[in-house]
2 protein chains.
Amino acid sequence: MGQGQPAAAPEPKYWHLRTVLLRTIEAEFSTGQVIPNERELSARFGVARATLRQALDQLELEGRLVRRRGIGTLIAAPRVGIPVGSPVGGPAENGPGSAGGSTWRTVDCVSAPASAQLALALGIPAGETVHTVRRLRVVQGRTMAAESLHVPESAVPHLPAVPRVVGGTAEQDRAKSVLRQLERLGVDGESRSVELGVAEAEEAALLERPPGTPVLVVTIQYAVAGRLVALALSTYRADTCKLTFGEMGKVEVTPVQAGAIRTAS
Amino acid sequence: MGQGQPAAAPEPKYWHLRTVLLRTIEAEFSTGQVIPNERELSARFGVARATLRQALDQLELEGRLVRRRGIGTLIAAPRVGIPVGSPVGGPAENGPGSAGGSTWRTVDCVSAPASAQLALALGIPAGETVHTVRRLRVVQGRTMAAESLHVPESAVPHLPAVPRVVGGTAEQDRAKSVLRQLERLGVDGESRSVELGVAEAEEAALLERPPGTPVLVVTIQYAVAGRLVALALSTYRADTCKLTFGEMGKVEVTPVQAGAIRTAS
DNA sequence: TAGTGGTCTAGACCACTCT
DNA sequence: GAGTGGTCTAGACCACTAG
């Protein structure tokens, strides 16, 4: 009966909506402003609320929107460039154009036998004691990442053997000791990787986000003379972070707005 | 009337489901196997199909599952480690433990005036001609990334002035010329960044994925003597890629399974 | 043709924030 | 209490793949 065009893979409604919304918010809204609520938008576009939400989900994943329960949906600020650098413990590693005021805040410091997985990754016998420092990376007053730094006992033999410090300033001191010892080793190589993940319950809480929040999982292997001495597992908030791996001091030109260029083509 | 506990922020059903499913598939399934279909799973767990799908969405985002229309839901293979390295044009940049057989396949090569956004990012006057090479990164026979390499005309003045080559081997040659000229410049610095994004229509097609697919957007600024000479915008499939930024030749120990360690804690 | 995942709907209720 | 986003349901239909 004359089907007209060959279908041409009809674009899903939610995807079309996302595009329309993106154009709208770029043209008519600015950072921090709240857009109309979901029920109104879904009515305005003549779709079910679930469909509208699918479109908003996309834009949130792209870091263009932030949704706050009880408040509304806001235009997100551009992502913050965060250097993922060599210094193991250094508090501030500022690069021009990048985030200033980056600090680490220690959460935890425990020494415990390595799990099978962890031992494998560290290249040590299973069950060997590993010092684990958990800390948060705070940039411009906002918690951007949670990190677990694993250091096998054998790599930092000069650490005073404290049985089991937990809580208070004692734990903070313990964490500092581990970091200091690690720095003294003179790390001369590292291998970094980035992949997509989601924050689980505890991690999510540290990042002040709900479980399931997308994160960029950064794995850093620190080595001394070709021998692995530490493993850092960091999860960065994917909504607000742009990780930078600059060879500092060489180039550090204008921060590029990738989204704008990719879309503009 | 005695409310019992202080609520304790009840875990959403879909999140609990995700955890249960994750444990199940880790224990009882292996890479490539298909798990029961959505209708059966939703019945088995006593939830609506939409709720089950929310759980599967999470696991897919984590790279644990792959869903294929008309086929079923499969256990995904572990992510492939892909070096994001310095060589501008080099075909294979293999690191031990990382992906071998990495090649680039040229798609496009056009010379056109820079858009405002692109000019800004390249630090050139708007409207200056820019050579853009689009190519795909193929690893182990699978398309993993799409890249747009932008080189301002002024950076590679020795390029033969071809008016507008499109299609066929001529375009391929043109692309090679641009890459060769760029290599001859002797790039001595670069700045890289990674952030989360989604693939739009055309890009998604190149990556053989539906629109909205999560990608890792890699931005590389190439410099010669402190001057920006090229800008590469690459989008890597977030489901299958783990990007590695190793200082090659120093360490390259066992590839770490971040997920396993993060979950095992 | 049967079975799969993908999209969409209309409606309900909950958890949270602000006033 | 009013308004917001977050979760969940039950059902429908579509697009794709396979035998």
Side-chain angles (χ1 to χ4, degrees), chain A residues 3 5-19 21 32-61 64-76 198 204-205 208-214 239, chain B residues 3 5-19 21 33-61 65-76 198 204-205 208-214 239:
Chain A
Q3 305 126 273
Q5 290 83 23
E11 196 178 44
K13 253 186 206 177
Y14 77 88
W15 182 255
H16 179 249
L17 244 185
R18 168 222 169 251
T19 307
L21 285 170
Q33 280 190 312
V34 302
I35 70 176
N37 71 59
E38 297 182 350
R39 286 161 180 92
E40 182 183 331
L41 285 177
S42 59
R44 184 184 302 180
F45 288 104
V47 299
R49 195 179 149 216
T51 304
L52 174 81
R53 279 181 60 80
Q54 237 181 315
L56 295 181
D57 285 344
Q58 291 280 347
L59 291 170
E60 196 180 24
L61 199 65
R64 312 298 290 248
L65 294 179
V66 180
R67 292 194 271 189
R68 293 213 205 134
R69 202 192 269 234
I71 306 285
T73 303
L74 299 81
I75 310 295
V198 305
E208 300 159 12
R209 300 253 52 195
T213 301
D239 56 345
Chain B
Q3 305 126 270
Q5 290 82 21
E11 195 177 43
K13 253 186 207 178
Y14 76 89
W15 183 255
H16 178 249
L17 244 186
R18 169 225 169 246
T19 307
L21 284 171
Q33 281 191 311
V34 302
I35 69 176
N37 71 59
E38 299 182 349
R39 286 161 181 92
E40 182 184 330
L41 284 176
S42 59
R44 184 184 301 179
F45 288 105
V47 299
R49 194 179 150 216
T51 304
L52 173 81
R53 278 182 61 79
Q54 237 182 315
L56 294 182
D57 285 344
Q58 291 280 348
L59 291 170
E60 197 180 25
L61 199 65
L65 294 179
V66 179
R67 291 193 273 189
R68 292 212 207 135
R69 202 191 266 232
I71 306 286
T73 302
L74 299 78
I75 310 296
V198 305
E208 299 159 11
R209 299 253 52 195
T213 300
D239 55 345

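Lettering of chains follows the sequences in order, A, B, ..., and the numbering in each one begins at 1. Basis for what follows: all heavy atoms, side chains included, without hydrogens, waters or symmetry-related copies.
A distance of 10.0 Å separates OG1 of B:Thr73 from CG of B:Leu59, quoted to the nearest 0.5 Å. Remark: B:Leu41 CG to B:Thr51 OG1 distance equals 13.0 Å, nearest 0.5 Å. With rounding to the nearest 0.5 Å, the separation of CG in B:Leu17 from CD in B:Gln58 is 11.5 Å. Separating the CG atom in B:Asn37 from the CD1 atom in B:Ile71 is a distance of 13.0 Å, to the nearest 0.5 Å. Note that CG of A:Leu61 and CG of A:Leu56 are 12.5 Å apart. Values are rounded to the nearest 0.5 Å. One distance of note links CD of A:Glu60 with CG of A:Leu74; it measures 10.5 Å at 0.5 Å rounding.
Donor-acceptor pairing under 3.5 Å, judged by distance alone, is present between the side chain of A:Arg39 and the base of D:dG5.
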Starting at the 5' end of DNA chain D, what dot-bracket string do you get if Watson-Crick and G-U pairs under 3.5 Å are bracketed, crossing pairs use [ ], other-strand pairs use | and unpaired bases use dots?
||||||||||||||||||.

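Remark: A:Glu38 engages A:Arg49, A:Arg53, A:Arg67 in a side chain to side chain donor-acceptor pair (under 3.5 Å) (not counting sequence neighbours).
Here the C1' atom of nucleotide C:dC16 and the CG atom of A:Asn37 are 15 Å apart, to the nearest Å. In this entry the distance linking CD1 of B:Ile35 with P of C:dT4 reads 12 Å, nearest Å. Per the geometry, CG belonging to B:Asp57 stands 15 Å off P belonging to D:dG6, to the nearest Å. Separating the CD atom of B:Glu38 from the C1' atom of D:dA10 is a distance of 15 Å, rounded to the nearest angstrom.
Residue B:Arg67 places none of its side-chain N or O atoms closer than 4.0 Å to OP1 or OP2 of C:dT4. Within the structure, a side-chain polar atom (N or O) of B:Thr73 is placed less than 4.0 Å from OP1 or OP2 of C:dG5.
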Please assess A:Leu21 against A:Arg64 for the test side chain to side chain contact (heavy atoms under 4.5 Å, CB included), listing each intermediate value before the final yes or no.
CA-CA 10 Å; A:Leu21 285 170; A:Arg64 312 298 290 248; over 6 Å; no

Would you tabulate the nitrogen or oxygen pairs shorter than 3.5 Å linking the protein to nucleotides 7-9 of chain D?
from	atom 1	to	atom 2	distance (Å)
D:dT7	OP1	B:Tyr14	OH	3.1
D:dC8	OP1	B:Lys13	N	2.3
D:dC8	OP2	B:Tyr14	N	3.2
D:dT9	OP1	B:Lys13	NZ	3.0
D:dT9	OP2	B:Ala48	N	2.8
D:dT9	OP2	B:Thr51	OG1	2.4

